[in-house]
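Notes follow once the structure below has been shown.
In what follows, every heavy atom counts, from backbone to side chain, and hydrogens, waters and symmetry copies are set aside. Order of the sequence lines fixes the chain letters, A, B, ..., with proteins taken first and strands second; residue numbering starts at 1 for each chain.
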Number of protein chains: 6
Amino acid sequence: MPTNSSSPKSPRTILPDPRQSPRFAGISTFCRYPRTADVDDAHRPIDWLLYGVPFDSGVTYRPGARFAPRAIRDASQYVKPYHMTHSVGVVEKLSIADAGDAPVQPYALKETLDSVAAWARQQSTSHGGSGTPSRLLAVGGDHSIAYANIKATHAAQSQPLALVHFDAHLDTVDKVWGESWGHASPFRRAIDETLIDPKAMVSIGVRGPLNTPTDLEFARDHGVTILTREEIATNTGRSALSKKIREIGTRPAYLTFDIDAIDPAFAPGTGTPSVGGLSSTEALELLRSLKGLDIAGADVVEVLPDRDPAGITALLAAHIVFEILALDAARR
Amino acid sequence: MPTNSSSPKSPRTILPDPRQSPRFAGISTFCRYPRTADVDDAHRPIDWLLYGVPFDSGVTYRPGARFAPRAIRDASQYVKPYHMTHSVGVVEKLSIADAGDAPVQPYALKETLDSVAAWARQQSTSHGGSGTPSRLLAVGGDHSIAYANIKATHAAQSQPLALVHFDAHLDTVDKVWGESWGHASPFRRAIDETLIDPKAMVSIGVRGPLNTPTDLEFARDHGVTILTREEIATNTGRSALSKKIREIGTRPAYLTFDIDAIDPAFAPGTGTPSVGGLSSTEALELLRSLKGLDIAGADVVEVLPDRDPAGITALLAAHIVFEILALDAARR
Amino acid sequence: MPTNSSSPKSPRTILPDPRQSPRFAGISTFCRYPRTADVDDAHRPIDWLLYGVPFDSGVTYRPGARFAPRAIRDASQYVKPYHMTHSVGVVEKLSIADAGDAPVQPYALKETLDSVAAWARQQSTSHGGSGTPSRLLAVGGDHSIAYANIKATHAAQSQPLALVHFDAHLDTVDKVWGESWGHASPFRRAIDETLIDPKAMVSIGVRGPLNTPTDLEFARDHGVTILTREEIATNTGRSALSKKIREIGTRPAYLTFDIDAIDPAFAPGTGTPSVGGLSSTEALELLRSLKGLDIAGADVVEVLPDRDPAGITALLAAHIVFEILALDAARR
Amino acid sequence: MPTNSSSPKSPRTILPDPRQSPRFAGISTFCRYPRTADVDDAHRPIDWLLYGVPFDSGVTYRPGARFAPRAIRDASQYVKPYHMTHSVGVVEKLSIADAGDAPVQPYALKETLDSVAAWARQQSTSHGGSGTPSRLLAVGGDHSIAYANIKATHAAQSQPLALVHFDAHLDTVDKVWGESWGHASPFRRAIDETLIDPKAMVSIGVRGPLNTPTDLEFARDHGVTILTREEIATNTGRSALSKKIREIGTRPAYLTFDIDAIDPAFAPGTGTPSVGGLSSTEALELLRSLKGLDIAGADVVEVLPDRDPAGITALLAAHIVFEILALDAARR
Amino acid sequence: MPTNSSSPKSPRTILPDPRQSPRFAGISTFCRYPRTADVDDAHRPIDWLLYGVPFDSGVTYRPGARFAPRAIRDASQYVKPYHMTHSVGVVEKLSIADAGDAPVQPYALKETLDSVAAWARQQSTSHGGSGTPSRLLAVGGDHSIAYANIKATHAAQSQPLALVHFDAHLDTVDKVWGESWGHASPFRRAIDETLIDPKAMVSIGVRGPLNTPTDLEFARDHGVTILTREEIATNTGRSALSKKIREIGTRPAYLTFDIDAIDPAFAPGTGTPSVGGLSSTEALELLRSLKGLDIAGADVVEVLPDRDPAGITALLAAHIVFEILALDAARR
Amino acid sequence: MPTNSSSPKSPRTILPDPRQSPRFAGISTFCRYPRTADVDDAHRPIDWLLYGVPFDSGVTYRPGARFAPRAIRDASQYVKPYHMTHSVGVVEKLSIADAGDAPVQPYALKETLDSVAAWARQQSTSHGGSGTPSRLLAVGGDHSIAYANIKATHAAQSQPLALVHFDAHLDTVDKVWGESWGHASPFRRAIDETLIDPKAMVSIGVRGPLNTPTDLEFARDHGVTILTREEIATNTGRSALSKKIREIGTRPAYLTFDIDAIDPAFAPGTGTPSVGGLSSTEALELLRSLKGLDIAGADVVEVLPDRDPAGITALLAAHIVFEILALDAARR
């Protein structure tokens, strides 16, 4: 059972007092952070905007991730603000808010991605400081929405983003059933549009049967570093990741986390689960090892509540959101 | 599959436009009604305040109803505003808002009931018109919280309330394990304090094994009309209810709905389910037959999400909330 | 929420005091009745022995009913002793005990049925009065076990038993896959051995697709009264049942209740669910209409906990056990 | 427990012998009917082709019905061939086969509807007799696919079809989010294209909150008979249905069954469940009352396996398929 | 599939013969150990008493652990008596019994803790030998009940107990919502009352977000050894634990195991799950590494059956109970 | 999200084109391999026949594995053909087909094993090449069916088979409840009949409480190599396995995989789960380390869908099937 002591003084983000409103009470926002409309001037500009993208029209297999923002908001109520490993109080360092859900249109894939990108960009500008728009953390939704948040994040940068990518799959397919914008293709499109630099992209946790060995070709041809699930379990793989992180250095990096990077035991609630994945402990260690990166934007995607009977997938996703914020808090 | 046409013009309550924000999107409030803080002056005073009471410290058997306000908010997103049977647009007639959750203290039963009552009374006064405080609809939580909302509702009245009570159980026990304020006792206490008039109280759906026949005595001795589940299925029982409704007439009435009035097939997610209950169709018919009553306050209680694997209990509870509001809209 | 007042004075069965041991506490026995070993002389002879038969080797489709005795014991903790409709205190009138589970051998169908019958007969004699063995209520297990309990019940009688049979299926098949003793055949065998009198047998709730119309022939040829689910919903069917009950009169009757008589909405946890069945309310009414019959033995079978995610099937089964006991208490 | 006797002799459809292959064994086809490729000449032409449409890109709320054909095939294994109420052996009268699943493209709504219609039409022609194409029963998928099967069915007819429509919703919306072909619109489109005759259309079970009263206007303006859930429960409503059935007479009729016509207790696994619906018993009675209609085509749609933890929704859907076939068998 | 050979000869604890009563049969006691009332003189004094504490009024988040004793009794039926790693037959060495559930009062936290302590102490004295009361293993219930069992265990000792503590949380909070006795505080109270010696206390598996860094202060200030989840995964952490175990030496030690020490993948059924926890393999290894400690008392707490859909949490808890008993058997 | 590119050219096995039939469409066969009846001459002889054995009459605890072939077929639809670690296209190298389910008789254990063996042998001969019968991979069902597939596999060999055995249990018990052919005994019988050579048998993952230490004696006395779960986690254990694999060399080996070798977190859906098992990652590594063995036959058993709420056990089993096939493809 967890401690429940009082909140810290004068933080950058004001949380509801659990002495007044227990963690099972109240209208759910991500980690109990305030809605953007409820942030006063003293806590502005807002450093991070969290928002949901209740959208799963990009899937090729099992749909339902449109209900993930709600499930993750509910599961995140027990996320407290102090990170023990990084020794940092996330709400001390960062002003964070829940911007609600982006506008979506289930029948319109590309149009939705564009409107999400535009809306997010606008939110980022409105709630950020002059010259420093709020950083954007999107909670999917299927992986297609990564394109939208990458686009909105990139808009605030002067160069292509580095990409740290957790996933069982590469998501660099050109088209599926003639569609270029589905959840198999976000990084193909982001590379096409030079929103990200494939040479500064690393994919962690790739595994499972492929259609053909050519599935890996596009990524390898463009210089993407692929650390399969087998490789990342070894010291060699960990070293390769460290090296990549050092190469990225202070360049703005985008972090995209597909929950299927993690084994179905820890994350059953996802649309294309892949056996033999990361444990939650491995995933947290890997995330913490990214300390020092300048996370310019991020997403957590592919949670499917209808296949998550004990709620452990949404709980894990909520903590991954927190780990990402903690990386930025620890860097500052 | 339901219609999704545009919302009505100039309603008393503004709903998000489903064309912009589909019903699976956004931070969940009850039936997508606005939070109190988001209601502008043009839509004030607020006629009905809905609020959650995430509290289950009053239970004698299976706990967990503290998670019901969240589950019912999520399940209510598909509740639309026009009531076909009453031919009334609920948001046309009524200004409704979600006031969030009342303050609770899991370790303090009576203190919580008092603080909920005080908070609700204060909300009611703040958001209501002069002389016409907002009506209060509490979403439990266990049935103990009915006392609190009755107390807050009664404060705006000059006489004891009539009580229309749906339940498998009478809830008029004096004490359980020495405790006077648990979920077996709310109406005992409300009668003790003359918040309600037992002669204007009717309990519908009572059934199941008792400890002893004396369990019914207090209610019968005080003139409560008990319509057992067997009786209410008959024309005689329906007539007795109609007669009672006519007797109550224009007197302010409080409606309390324990979801266990309904059969476990329709409402599995509750703490003390009782077999052989009302069907959902019967429950809706009974609620609609109350048309004409002046519902001064209400609650919907005892939903237990952890025993509701397909979410049908929360969905039904959300619609009961809507039926209650529609009764008031239809009366006006 | 239910009343929890004190237990009645000097009953024939001693229940644990819920003031000391709440209904969620303690090692589970059926309805909190004492184990046979715990019944003192003052409460002997024992009128009814309840026992489990954790056995499902008779099934033709989905197994798992071997776990039903445990699930029903757990679900029965909330069954209180006073029956409101019959106005009778079951523990006032009857000394009841839980005899534990009968010995079973999963790999040996007929041998198990014989050993269950012998064991039950021996229990009945040991715990009953001189000349009045305890009556036996078996909680299955699959329907094959009815044969065993009928055999043990019949041993105390001088004539074939009448049979009141609730079921979606007739269970009078001669053989399935060459096996004569499976759950499709108990009444075929009981008729073969003149343990029951087919002319005093009534099957209630029969429905669903058949292999061929000849499936009904054996029963009809032997004079079994079949009241299909469609018939029993009508006044004609109800009258036919009443007539049959009057014909049976004071003859010792055996009551067998296959939970699949009831619709899957109310009883999802069963091995061969059949849509369009009785509601729980209908089932309770039908059971209560049997008042006056001399129930010499009974069983409740075919509950399958692994398909009962909210526990409502086991709960219903527990109440059917109680209704059967109440029939006997009300008769005395 | 059900009977398991031998299959009838020389039927029009050959079923696997349950004595060799129990009902839990084998690759699942609908009701164990043969695949089209396995039907020999002696059993051709095929009267009814059953096929799946694993498609849910038409939904406006919860997706997942693409997995329904598989779930319904599995749940249908226990459906036997003789219908007790109609006294007809379905496989005696009809040659039936499972044609597999139609080709679908998740990202292309209208294109998929067209390709399903074309494929179904082609199947119907190939496997039917000269001048008498096979009748088509589509198992969805969401309700958008009704348009496709209606189109394929209509192609074999010389006049618009009559339509018997079970649903909680009217599905005559023009557009949702600009899309004309989603699951809210199939009958709007079918009326637009005069595939069905609205004056010969009856919608049964309509209920629940609407956006505005205008939601009903299109249907009423075009002469659709709407029998709400409240109306159909009354003798008046039943008479109105009978009258409508008589009016349709021998005109070819299409039957479309949205599982949400039924109450969530009986059919929790659906995307837009609506409380207060038909019971399974009522639904079977209504279906059986259609006896005499010439069912030229049909569909059963909107089953969502991920919200169906005990499998009762898929089981009910499988039996509705059987009831539809039995209507045609009984007519011949 | 497991071996099922005959039980060992002349053990200290008599188990039911699985040849007569399969492991799925019979009234469930912990691991099929006898009830205290069923232990004959030849098997007395009883070395270990297992008892349930069906109590969750100490929780700060999700309640329901009151149903854990029942779930763990059911899940423990497959626990056999011989421990392969320690090469010890637990029932050969130890007389063990199930004492049933302690008396609890849901509305009275401190009173219940006191009555549990008194009852357990009395049981321990009654069933133990002269001067050697039975050791007590409590199965919660929430973690608040650890205080009660520690108090009862301490009463048989002349010095404060050492404490080996598995948990994601420290549980040394002073008060939550003004309450001193909830599940966040048992070790704070036990230290206050010198029932345990904080310098001989080690907490294993601590992890997750905190409210503030001060959450750890009380424990650290009092000399508690904290081995976070990260630390215990390393050789350094393992060495620190070994060192602590050696320091404790022969001093009587109490072992408290909060199931949330383990990752939600392995133990989803708990009230405040914390991602990134121990695997079950790690937990078993850590428990086995305690060999040599004199375990004077123990508890296993915080199992929540309603969030344990496949029963794996209760199964794991049952095996942890067995591992604790095996530690004592292996030491003797 | 996974890649979905086109299938390879001229493979030995033809898969449905996912561009026409998405992976959620169509009648399910194992991994979308064709039914035997659908394999044309160009793809014959068939190298591997996969078949189901829907049989669980051999269990000693929880039944239900009879539904596993169906669940695994459904869960296998997402298994693609190229193995990244072995760099081999399984369908390039091997002609594979789904032979459907073997004939079973639930009431006849030994008879079913014999008829399965005879049927499988006959399938193997019919679909194989001259002198090279098809290899057989059986999908259980409970572990008793391993005997049948071993017998059928052995029939094509001139010597006893080596056996690589993944399991929490040894399954070498002589009899349980007098039965010699249950799921505790398949390898005892196979050794008795010299179908396998115990000196070339290795059991991996054995763990958990035993009845007595003698449970291990038969295996050890016959020279079986037992690598407990603890041992296999160490380098010593891995070396012992490598040595054993080298000893087996080119001798025909049978691989039997009881899913309970794996921890309940990864494989909750099984009949006798045992805590502290292999992770899925460990299991995949161990399987891949067998590369070079001549796998002459195999089975994957003991999956129990009713205890697998998120489907992750069936998914893992499907991938184990694929890993076995990949071992053979990689060897060629």
Side-chain angles (χ1 to χ4, degrees), chain B residues 58-63 142-144 167-178 182-186 206-216 218 228-230 233 258 260 263-279 282 301-302 306-310 313, chain C residues 1-9 11 15 17-20 22-24 31 75-92 262-268 279-285 287-288 308-320 322-323 325-326:
Chain B
V59 303
T60 55
Y61 198 59
R62 189 179 295 271
D142 72 55
H143 219 153
S144 69
D167 205 331
H169 312 94
L170 276 173
D171 293 359
T172 53
V173 178
D174 190 15
K175 298 183 185 211
V176 177
W177 302 311
H183 76 152
S185 308
V206 175
R207 67 185 184 280
L210 303 176
N211 276 313
T212 78
T214 61
D215 293 358
L216 303 174
F218 175 85
T228 65
R229 190 278 174 274
E230 288 77 16
D258 186 325
D260 71 19
D263 193 90
F266 301 83
T270 191
T272 53
S274 181
V275 304
L278 299 174
S279 71
E282 287 176 298
V301 296
E302 296 282 354
D306 277 353
R307 302 284 278 189
D308 192 27
T313 314
Chain C
M1 187 273 120
T3 59
N4 232 323
S5 63
S6 61
S7 297
K9 282 135 211 151
L15 298 176
D17 185 343
R19 289 172 299 192
Q20 298 298 322
R23 293 178 181 281
F24 47 78
C31 304
S76 72
Q77 300 303 300
Y78 213 86
V79 177
K80 292 171 182 171
Y82 183 79
H83 194 287
M84 209 179 348
T85 312
H86 292 321
S87 299
V88 67
V90 167
V91 298
E92 301 291 313
I262 294 177
D263 193 273
F266 302 84
S279 72
S280 61
T281 294
E282 287 175 299
L284 296 181
E285 282 170 9
L287 282 165
R288 289 166 189 171
D308 193 26
I312 64 175
T313 314
L315 184 79
L316 183 51
H319 280 83
I320 291 169
F322 176 71
E323 291 288 334
L325 296 171

| query | Mind checking what makes side-chain hydrogen bond (donor to acceptor under 3.5 Å, both in side chains) contact with Arg229(B), not counting sequence neighbours? | reply | Glu282(B), Thr281(C)
| Heavy-atom distance under 4.5 Å to chain B: side chain of Phe322(C), backbone, both or neither? | side chain
| message | Would the distance check show the side chain of Asp308(B) and the main-chain N or O of Ala267(B) forming a donor-acceptor pair, the cut-off being under 3.5 Å? | response | no
| message | What I want to check is whether the side chains of Thr60(B) and His183(B) have a donor and an acceptor closer together than 3.5 Å. | response | yes
| request: Would you mind telling me which of Met84(C), His319(C), Glu323(C) has the largest number of heavy-atom pairs within less than 4.5 Å of chain B? | output: Met84(C)
| Quick one: what part of Pro273(B) sits under 4.5 Å from any heavy atom of chain C, side chain, backbone, both or neither? | both
| Between Asp174(B) and Phe218(B), is any pair of side-chain heavy atoms under 4.5 Å apart? | no
| request: Output the option from Pro264(B), Pro213(B), Gly208(B), Ser144(B) having the highest count of non-hydrogen pairs under 4.5 Å with chain C. | output: Pro213(B)
| Which bit of Thr313(C) comes within less than 4.5 Å of chain B, counting heavy atoms only: side chain, backbone, both or neither? | neither
| query | Judged by atom type as modelled, is there a donor-acceptor pair below 3.5 Å linking the side chain of Asp215(B) to the main-chain atoms of Leu210(B)? | reply | no
| message | Using heavy-atom distances under 4.5 Å, tell me whether Leu216(B) contacts chain C through its side chain, its backbone, both, or neither. | response | side chain
| field | No-hydrogen, no-angle side-chain donor-acceptor test under 3.5 Å, His169(B) and Asp260(B) | value | yes
| note | So, the part of Leu284(C) with a heavy atom under 4.5 Å from chain B: the answer is side chain
